[in-house]
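Written out below as structure tokens is the structure these notes cover.
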Amino acid sequence: MKKFFIIVFVLLVAHAFAQQTSYVNFIKANATLNLIPDSTLVEGNVSYEIKILKATDSIFLDAVNMKFNTVEIAKSDAVFGALSYLNIDNKIYFNYPFKKNESYVVRFNYSAKPKKAMYFLERENAPQVWTQGQGKYTSNWFPSIDDVNDKIIFNLSLVGDPEYKLLSNGAITERIELPNGSVKTSYKMKKPMPSYLLALVYGKYNKETKTSKSGIPLEYYYYPEDSLKVEPTYRYSKQMFDFLEEEIGFAFPWQNYKQVPVHDFLYAGMENTSLTIFSDAYVVDSIGFNDKNYVNVNAHELAHQWFGDLVTAKSSEHHWLQEGFATYYALLAERDIFGENYFNFKLLESIIDLSHQELSGEGTSLLDTKASSLTFYQRGAWVLHILRGVVGDRVFKQAVKNYLEKHQFGNVETSDFIKEVERLYGKSLTSFVNYWIKNKSFPYEKAYEVLRKESEFINEYAMVDCEAKTSKCADYLKYYVSDEAKAKVISQVPDLVTLGTFKNGIKVRQAISQYVTKIPENLKTDYESLLDDQSYITIEKALYNLWNNFPLERSKYLAKTRGISGFSDKNVRLLWIVLNLNTAYYQTDDKQKLFNELVDYTGEAYNVDLRMNAFQYLYLMKSCNEECEANLEKAKSHYNWRMVKFAKELSNKLEENKK
Ligand SMILES: [Zn+2]
């Protein structure tokens with residue numbers, strides 16, 4: 001029996017490696033899912049409509065650690081009958097004499113307790129569930145196909161508590177109350193997509209809806225307590241949407257566009273088709289907007305709705321067709337808002353990062369499947385910027401449009417795009433492709449040269465260099481050079497800051513708070529005014545430096561910044577507590593209570609960034625007590641890898657110190 005089992009297994013595995021897309025087409029999945037947050041369980045009944053392209057006696061779906069029952073099959077418009085199946089090796093095989101050109105419906109019930117790709121958590125004492133398919137495999141929570149080349153129309157119906165929002169890809173077709181008091185929300189898609197873009201979110205949200213110029217509903221979700229943060233968080237969303245539709249020249253391909261923040265997300269954002277999920281660390285108030293806003297991530301995920309979702313790279317070799325395009329089009333959208341200089345400065349920053357990568361010998365071809373994110377994203381964007389310069393705006397835009405039209409809802413590789421450009425350009429791009437795309441090293445000096453030629457602003461920034469100690473540097477701060485250039489001078493020679501320097505804008509003042517750490521007496525009053533700036537970064541740095549430089553005035557600084565929380569990681573509040581605890585004569589607060597608050601922030605109820613911040617301060621104060629250590633231990637098994645990495649490293653340091 002055992003031996004036989006092994007033989008079957010080997011045969012099945014061999015079968016699995018043949019391209020399943022060549023003999024079966026999974027056309028549509030209709031499913032009703034029941035989420036049970038208390039037991040981190042998902043249950044569903046699913047029916048797949050399939051068309052057989054080549055006769056076969058077995059087809060499969062990827063299904064990680066799932067239980068199945070009532071597995072049935074019907075030929076189109078016939079009666080369902082039991083279907084023999086084998087659930088093995090994280091797949092379910094359906095065995096049946098499938099005939100060429102026949103259509104069938106396969107249906108089944110399943111349940112799963114996903115270890116990844118679907119996350120059940122608590123936020124503000126309420127459950128929240130969200131998914132992440134890319135890099136984690138949707139087949140952990142929904143029986144589907146891990147191959148990005150198999151595009152399916154997914155229609156999910158979600159059952160849950162009526163107090164909660166249930167979000168998925170596509171548009172809502174009905175919302176009905178069930179006899180048991182729960183609600184079923186049904187979504188339908190019109191067009192197919194790969195399963196890694198299938199998503200759902202379950203949680204307490206309100207929403208605000210706008211409409212794009214072209215009539216697409218834009219839904220902005222937010223936590224009920226965050227109504228004042230909706231405007232700064234989603235600022236420019238509609239402008240960027242309208243801009244990208246126009247710039248790309250291909251109408252937004254989906255029925256609507258929903259964006260929803262989730263707690264402790266694994267990345268900045270994820271471009272699930274018509275349902276972008278992003279980290280709630282980007283939910284900001286109007287001050288936070290100045291330091292750390294969602295604009296770039298917002299534009300990036302939106303651009304993916306075309307580049308990635310509409311046309312999908314066939315394999316990871318062509319990953320830049322997603323990330324390079326999303327990065328480049330996000331930059332174009334930001335240029336539309338913040339102007340040419342901003343755009344060029346971002347391009348400069350990416351040259352600097354890419355040059356560091358080159359110099360450390362870690363650069364790779366853009367088509368290397370093991371390339372870094374920096375290569376896929378920034379080098380990819382640079383390739384498009386250079387290409388556009390070579391072939392001209394008109395050819396570039398038309399070629400992108402043709403490429404999307406020709407390959408819409410399909411899969412692509414690099415040559416598909418290049419061919420479209422060459423056709424309109426009328427010349428071969430082989431040497432361009434070799435030099436900018438295939439070449440192992442990124443020609444960053446060439447890129448820099450191009451950028452300096454294109455931009456006066458960058459040219460000036462390059463010339464303003466005080467590392468060589470030129471006598472001009474003091475003048476740069478007095479006369480007109482850009483704020484970016486002034487910030488550069490301050491970072492290089494902070495001693496040059498005078499009273500006049502404080503009269504500059506927010507970026508220059510931020511540089512002062514960052515680099516002028518020894519505050520001369522004559523700058524004291526102006527330095528204190530940094531505490532009123534509309535920037536939580538500036539406030540945090542200035543508070544620390546003032547507290548440090550003027551010990552006798554600590555009470556004044558603490559009183560002034562009392563009640564400022566900062567970003568979602570409470571950067572200002574945490575520093576304030578720590579400084580307060582270290583100001584013995586300042587007795588306005590119950591110190592024990594403040595210390596308890598700090599320790600409390602290491603607990604599971606808070607977001608990852610806040611917890612890491614709190615752990616770090618307690619470590620620095622050598623005060624990680626029993627509760628803090630217990631929370632650190634628990635943090636080691638968090639689903640978020642950043643938390644885990646941090647907790648393990650800090651835990652090792654604590655051990656070291658005990659020795
Ligand atoms: Zn991306």
Side-chain angles (χ1 to χ4, degrees), residues 117 130-138 148 169 193-199 201 236-237 240-241 243-244 247-248 250 252-254 257-262 265-282 292-335 346-347 349-350 353-354 357 364 366-385 400 403-404 407 411-414 417 437 641-642:
W130 48 261
T131 59
Q132 169 59 32
Q134 190 172 35
K136 303 285 167 193
Y137 296 119
T138 295
V148 298
N169 316 80
M193 64 175 189
S195 67
Y196 80 88
L197 296 168
L198 185 65
V201 177
Y236 306 124
S237 287
M240 293 193 294
F241 191 98
F243 170 81
L244 282 184
E247 171 66 34
I248 295 168
F250 187 104
F252 182 74
W254 315 102
Y257 188 51
K258 304 174 283 293
Q259 297 177 77
V260 56
V262 302
F265 195 47
L266 305 175
Y267 309 102
M270 176 65 204
E271 68 272 19
N272 310 294
T273 309
S274 79
L275 175 61
T276 282
I277 293 178
F278 66 98
S279 162
D280 63 11
Y282 288 105
K292 183 166 86 175
N293 60 53
Y294 173 52
V295 176
N296 180 266
V297 177
N298 185 339
H300 180 102
E301 309 310 337
L302 175 59
H304 271 312
Q305 300 292 319
W306 287 266
F307 306 104
D309 299 7
L310 175 66
V311 295
T312 309
K314 275 183 185 155
S315 65
S316 50
E317 189 185 338
H318 307 287
H319 192 49
W320 81 280
L321 293 176
Q322 293 172 188
E323 298 307 340
F325 275 72
T327 305
Y328 176 65
Y329 278 88
L331 271 180
L332 296 181
E334 286 186 296
R335 177 169 69 181
K346 285 279 195 111
L347 284 174
E349 286 178 328
S350 75
D353 291 344
L354 284 163
Q357 181 177 263
T364 61
L366 190 52
L367 304 183
D368 189 327
T369 54
K370 294 198 175 71
S372 66
S373 297
L374 186 64
T375 298
F376 284 133
Y377 288 59
Q378 306 299 342
R379 179 172 178 172
W382 254 103
V383 164
L384 294 174
H385 180 65
V400 169
Y403 159 75
L404 291 174
H407 299 284
N411 295 79
V412 283
E413 49 191 39
T414 303
F417 171 63
I437 298 179
W641 62 271
R642 284 193 302 127

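Ligands are counted one by one from 1 in listed order, and the atoms in each one are counted from 1 as well.
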- Query: Between NE2 of H300 and NE2 of H304, what angle is found at the Zn ion (ligand 1), rounded to 10 degrees?
  - Reply: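 Nearest ten degrees: 100°.
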- Is the F417 to H318 ring centre distance short of 6.0 Å?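 Judged by ring-centre distance (under 6.0 Å), F417 and H318 do not meet the cut-off.
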- Task: Restricting to N/O/S, name the atom of E323 that gets closest to the Zn ion (ligand 1).
- Result: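 Among the N, O or S atoms of E323, the one closest to the Zn ion (ligand 1) is OE1.
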- Message: Which residues pass the ring pair (Phe, Tyr, Trp, His ring centres under 6.0 Å) test with W320, not counting sequence neighbours?
- Response: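 Checked W320 against ring pair (Phe, Tyr, Trp, His ring centres under 6.0 Å); matches are F325.
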- Message: Would you say the Zn ion (ligand 1) has E301 as a near neighbour, meaning an N/O/S atom of that residue under 2.8 Å away?
- Response: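 Checking E301: none of its N, O or S atoms is under 2.8 Å.
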- All side-chain hydrogen bond (donor to acceptor under 3.5 Å, both in side chains) counterparts of H407, not counting sequence neighbours: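 H407: no side-chain hydrogen bond (donor to acceptor under 3.5 Å, both in side chains) contacts found.
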- Item | Any side-chain donor near an acceptor of the partner, Q132 and Y267, under 3.5 Å |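 Judged by distance alone, the side chains do not pair up.
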